[in-house]
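Inspection log for the structure reproduced underneath, given as structure tokens.
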Amino acid sequence: MNFNCVFPTCNFKKNDIEEEQFLKHLKENHNDEMIEISKKENMSINAVEMITISNSKVFINSG
Ligand SMILES: [Zn+2]
């Protein structure tokens with residue numbers, strides 16, 4: 001799986017990593033942001049993590 005971190009202040013970009021590794025990046029670098037989003041959007045932190053992961057996935061379209 002290829003990931004390009006969705007947070008605009010972050011330039012984390014990695015190919016061929018597991019979702020778990022990207023989640024680790026989120027927890028280590030974006031915990032505060034994710035907590036803020038969860039408060040603001042009234043969502044659980046797990047939901048925010050899932051959405052962030054899904055928005056950061058890079059799908060290669062081979063056409
Ligand atoms: Zn990031």
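Numbering of ligands and ligand atoms starts at 1, following listing order.
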Legend entry - Listed protein N/O/S atoms, distance to the Zn ion (ligand 1) under 2.8 Å: C5 SG, C10 SG, H25 NE2, H30 NE2
Inset, instruction - Inspect the contact between K40 and E36 and indicate whether a charged nitrogen and a carboxylate oxygen are less than 4.0 angstrom apart. - result: no
Inset, instruction - For F3 and V58, work out which heavy atoms get closest and say how close. - result: C-CG2, 4.1 Å
Legend entry - Qualifying residues under salt bridge (Lys or Arg N to Asp or Glu O under 4.0 Å), relative to K39, sequence neighbours excluded: none
Side-chain donor/acceptor pairs under 3.5 Å, residues 8-21, sequence neighbours excluded:
unit_1: E19; atom_1: OE1; unit_2: K57; atom_2: NZ; d: 3.0
unit_1: Q21; atom_1: OE1; unit_2: E18; atom_2: N; d: 3.2

Inset, instruction - Applying side chain to side chain contact (heavy atoms under 4.5 Å, CB included), name anything that partners S44, two or more places apart in sequence or on another chain. - result: N46, A47
Inset, instruction - Check for a donor-acceptor pair, side chain of S56 on one end and backbone N or O of V6 on the other, with a separation under 3.5 Å. - result: yes
